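Notes for the one structure printed next.
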Amino acid sequence: MNLVYLTSPKGGVGRTTLTANLAFALQRLGHQVVVLDLDVQNSLRLHMGLSVAEHRGVVAQSQHNSDWREHIIETPSGVGLLPYGQATKAQREGFNTLLRQEPDFLEHRLGSLLHQPGCITLVDLPTGPSSGLDAVKRMDGLGVVVLMADGCSAATMPLVGQDHYLGAEAGKRALYIINQIYIRSRLNRDCAEFFENRLGSALLGRVHRDEAIPEATASLQSIFEYAPTSAVIQDLEDIARSISRMLPDAYGHDSMKFSLR
Amino acid sequence: MNSYDDIGAFKSKIDQEELNFQAFGDKNIVMASAWPLLNELMHGAKTPAKPVNSTLASNPKAAFAAANVQSVRDISTPQHLSANGMPSSTEAELKTAADKPTELSAILKKVSR
């Protein structure tokens, strides 16, 4: 199953931005990429270059037994987007109930997209435990925990393995990304070293802080368009290659091998 | 030694009209930011900076049919950089499956040569 979900025990670590940038990086490797926003903030659409006025989303029509592939919005970059969308309180509560109570809800809605060769689905989750996280945990996807190199993120690491969050089993399989590392900060460097020692091979990669990233969002462009020479692009591409290799169905696709050998 | 008359100085200052608080509510302030997202947020949904491809949005089945992988941007196309070193994001560059059918395998073969 070519599913990757990004979660973070602490808010404000840049998870949604990272989700969008990894989608662009995976697309540049040749994958078809679809991003699913399960965060009520509904901000992934802005990172994907859509208008503020774009209110369509999966939550408002979740009660209908429809295939979500019909609701994918083609973004300017070519990445497919399933936004959270604008929803009433009742619609949000109904959506959360479906996620909690129907074990195969997401799998049925996403359908064959999850097994389509060469295609990768990225899911952006809200901060901390959520009904969306419970739903994706049940699927055989790749869990990625996003942290920042600071004391608070380090302190929240033990939460990841707790039952109400990823749980022991998914917690052991989870991979980690340290986001927004600022190499001129001694604390950032020390925290990054702490994570490297603590996580070992579970550390999927690190992304350095670059002012061009929020500027790209404000410009409604991807970082690859806005600052193609930025050093952070190397970080994103390294992580994207690792993710691609970990998904046999996506990586094993004949058309993918050219860029990964 | 003459002591400085704080109270007197303060009274004379607050009598000056130019020190009155300025309120801008009655003035027509136009915000024009260098950042398209801020402009869009300020002016509401009137001027979306980049339109969504309405063809695909209205016909997503065609773009994301289960069998074929489509609509990946042609990464072999060199980026046109503007004078400031940034790529010019014209609509012409926003190639999609509807504009140009691009099967994934065809693109990748082309790139791998």
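Just so it is clear, the model here is predicted, and its values are computed rather than measured. Below, read A as the first sequence line, B as the second, and so on, with proteins coming before strands; counting in each chain starts at 1.
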Name each donor-acceptor pair under 3.5 Å that joins a side chain in residues 231-239 of chain A to protein atoms two or more places apart or in another chain, with its distance.
| from | atom 1 | to | atom 2 | distance (Å) |
| --- | --- | --- | --- | --- |
| A/Q234 | NE2 | A/D238 | OD1 | 3.1 |
| A/D235 | OD2 | A/H208 | N | 2.9 |
| A/D235 | OD2 | A/H208 | ND1 | 2.9 |
| A/E237 | OE2 | A/R28 | NH2 | 3.4 |
| A/D238 | OD1 | A/R241 | NH1 | 3.2 |

Would you compute the distance between atom CG of A/L46 and atom CG of B/L41 and round it to the nearest 0.5 angstrom? 7.0 Å

Pairs involving residues 104-118 of chain A, ordered by first then second residue, that meet salt bridge (Lys or Arg N to Asp or Glu O under 4.0 Å) (sequence neighbours left out): none

A/Q221 CD to B/L37 CG distance, which is reported to the nearest 0.5 Å: 12.0 Å

Heavy-atom nearest pair, A/V52 first then B/E40, reads N-OE2, 2.7 Å

Counting only heavy atoms not in A/Q41 (residues, nucleotides, ligands), do more than 12 fall under 6.0 Å from its CD? no

Has A/I183 got more than 12 heavy atoms of other residues, nucleotides or ligands less than 6.0 Å from its CD1? no

